[in-house]
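Just so it is clear: chains get the letters A, B, ... in the order the sequence lines come, proteins before strands, and each one is counted from 1.
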Amino acid sequence: MSDDADPRSAALGTEGLSKHFGGIVAVDEVDLAVESGELRAIIGPNGAGKTTLFNVVTHALAPTSGSVYLDGEDVTDVPQERRPHLGLARSFQSNELFAELSVLENVRVIAQTAADGTFSFSLLGDGRAVRADEARDILARVGLSEHAETEAKNLSHGDQRRLGIAMAIATEPSVLLLDEPTSGMGPGESRETVELVQSLQDDLGLTVLMIEHDMEIVLSVSDRITVLNRGSVLATGTPDEIQGDDDVQDAYLGGVREEL
Amino acid sequence: MSTSSSRTLGLDRLSAGGAAVWGAIALLLLVALAVEPGLFVDQFVGGLVYGMTLVLIALGLSIILGLLGIVNFAHGALFMLGAYFTYQLMALWGLPFWVALVVAPLLVGLVGVLMERLVLQWLYDEPPLAGLLAAFGIALMIQEATRAIWGDTPLSVATPAVLAQSADLAVTTVARIRLFSVVVAALVVLGVYLLIERTDFGLSVRAGVQDREMAGFLGIDMPRRFVLMFFLGAVIAGIGGVLQGTAVGMSPTMGQQYIIITFVVVVVGGIGSLFGSVVAGLLIGEAVFLTPLVLRSLADVTGVGALAVPGIGGLVPYLVMILVLLVRPRGLYGQEGFME
Amino acid sequence: MPKITRRRALEGLGAAGIAGLAGCSSGPGGEGSGSGGTTTGSTGPMEITLGLFTPNSGAFAPWGPSLETGTRLAIQDLENELDVSVGLEVYDTKTDPSGALDAMKRAVTADGIDFAQGGINSSVCTKIGTWASDNNVSYIGQGASDSLRGEACQPFMYMVYQTNHMMATTIGREMADTTDNWYVLYADYVWGHNAEQVVTSAVEENGATVVGKDATPFPNDDYTQYINNVANSDADGVALLIPGPDASRAVKQMRNQGLTDITIGAQMLEDMVFWGLDHEAAAMVDIASMGWVNTIDGVGDFNDRVAEAGELDPFVRHAKSYTSADQHVRAAVRAGSTRAEDIREELEGHEVQSAAKDIHGGGEMYWRACDHELVSPVFSATAREASAMQDDPYKQWFDVTDTTPGDDVVRSCEETGCTL
């Protein structure tokens, strides 16, 4: 079982994507074809190469071989600093926030960079006002309006994750990558976050690629699921297909269920 | 973990001992005000004026230190160049003061840009000592070049007629050139504040101050910002130089002389905090002007003549620094961990 | 810690041959005077190598070139008039006692200078003068500090600049004559504290009052708070007992602050420090005590010759350097020797009769034996109106108002604390 579609025509595609660290193969010939508007979960045991796959897709790490496509365009060699303009965004980790800027400013700095307006000196210029409004809209969307003026470092863990998502959205992406958006959250908070992700997907028409451990969440929200094992794709399919897949059961799901 | 208290002078943390210190200072000031009201007002205004001069010089240093992490020892030399360019423009080329006030700082800004492009930009990722030493070397080169070009003798320019007299402020008289300096300094402070806090550019700079690498990943062109901020820091030093040169005169040692007190201001204010530099400059200005008066009043009231230590004025900035650092090792508004 | 220097070694060869040996050992360019010559007469002109110590770098660097110009002018005159050939070696004191001392050691042991002169600030003079005396080298300095002719005096050290005490006493008297209530600003270091004591007592002895005083940091460029103190006092005069460049700043700031109708007195003023200022600020100085000023009657063509040399316009350091070289060489010629003992014998009690006396206006000048002070007149001067200040061919901004004979203001031998 695998992606049937052509990676070169998907919203986000990879073809033979590999990453080697010396002799260790962390990502091994991965082919993905995530369709526009799809919410795709990536699951797999610890060490399966999920985060490395994200890093290679976002070019935080250069791939050893293979290609990455966005809407059919080969973006494998686009350097890191031009990526925000491609429409591919990854949620910001808590150590990637500007700790002493306010929540609003964190979003604004991303929004203005996306709009290429960082050299604007005008105090009340239209562009700036629009971007500030835009930043407030995004904060409202993720439920952080009341914390707009709080310094990012003073937010709760869950709110920092939400801010990370808000910042990713501020780049106006078409594809959003989320690396365990609910980790460290209680059940209530996790549910809110999942609802947030779904609403973003629906309202903004985002394509979402999400690493997630919590199988309950994965099975309930994903359109399709890709299972990674030892760096390579073990299976891809709808939640039902994955649940019914014997290989996956043997290699992975059973173990996880025991853990849970 | 630092909380918002770092923005409120840490008053909430101050113990009863701290409150006693503030109370004692207020009491001493009241004694001085009661003993010599006229002089107190004169010195208070004088301290404000002097403090703003310090602010103007410290601001550029603070910007460059906060953003680039470079201890720009050459800042004093840039300040001095502002004064000597004024001399060149006014005394040698006969241009009016107002032209010098605009042109000299821009020239200093250019020198700053050259410094940054030719030398300092290569040292951002080196240990801080490398930048400090390089800047120190540049300071010496500028100073010796100044000697070679304009000579060793202290020089001055004629204060423009409209600023050459005193201004009557009802409660006291102040040299107009000084008052003008205060206005310019206040405008510069306001301008820097608006630029940093209220523009897109300023926001991207602040983001860069916090995490240069991250800002780079976002696609913010930090090197261009560094050049621009260095230019700005140098221009502000140049403005200080024009005003100081016009009010007092210039000599090749003025840079050296001022860089020390400027560091005191930045350290007292807290490294990385522009607002801190402003507060510290005013605090030290007032302390320098009011401490001798307070001591003398105290000596009058108590009859203990020894309290009126002669020549205490020169020591005051350092005493203020010691006091502040004892209570708050990071300075008034500094980031946690910078100095502790 | 006794050091065997080359000079000591030379001394060991015997006193009789010293003059000739000194000739032999004169610096680069010295013409050979015949080996083992014992008298100057038998081998043509007497050859002398003079070591000049001048601040060509450091805080007093602006003064540096003037010492050399003054010295060279004296050498020209001496060589014209006397059968003598004087070689000049110039050393940079860096305005720093230890730097100056290194230079002095090098000059004596490696370059073989016959005697030394120069040095402006008292700490440099003390350091090199003490070492020179310990090593039997005659030295004439230009420090004004009283200790140089007091507790720090040396058997072979002499000073040509009028003392701090003489200058302060003179200005104190003038101040008391001018107006009644004075405010004193003095530099917060030894020189300033001494001056303050002397001026205050001179003012009070002459019937006026010191209504307030402030020690000001050194160096300092913002005098606002002290000017505020003056303005809030009952003073109608302010005495500036602070170093020249700072004094010029203080005057400019008083003018900017509107304190223009107050009488300004300045102690030991060297007009050169005002030359970077505008005329109007300098014109505010009402009375000043000076060691020399280029408007003294009898200066003759000295001003023109200094101006021709082209570094600084003629001021006190030119005259004092001229006087040092003039007196030192003449003493050596009279003695027929450059030995420190012989020069001392010639200088002590000697009354100056040369051109050095003329450029000082012709008043009595003599070398006092008890402290090695060149007792000279002290000049009181006042700044000209801005419009009357001359800038070409050289600056003349101050006029002499009074000349006080040195004996009137010099400390008595007992007061100096020097036991020569």
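- Annotation: side chain of A/Phe92 is in contact with side chain of B/Met214 (closest heavy-atom distance under 4.5 Å).
- Rounded to the nearest 0.5 Å, atoms CG (B/Asp211) and CD (A/Glu96) are 9.0 Å apart.
- To the nearest 0.5 Å, atoms OG (B/Ser204) and CD (A/Glu105) are separated by 11.5 Å.
- Distance check, rounded to the nearest 0.5 Å: CG of A/Leu97 to CD of B/Gln210 gives 10.0 Å.
- Side-chain atoms of A/Leu101 and B/Leu203, non-hydrogen and from C-beta on, do get closer than 4.5 Å to each other.
- By the 6.0 Å contact criterion, CG on B/Leu326 is enclosed, its count of non-hydrogen atoms from other residues, nucleotides or ligands being greater than 12.
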The test is side chain to side chain contact (heavy atoms under 4.5 Å, CB included); show your working for A/Val109 and B/Ile220 and say whether it passes. CA-CA 9 Å; A/Val109 77; B/Ile220 300 176; 3.9 Å; yes
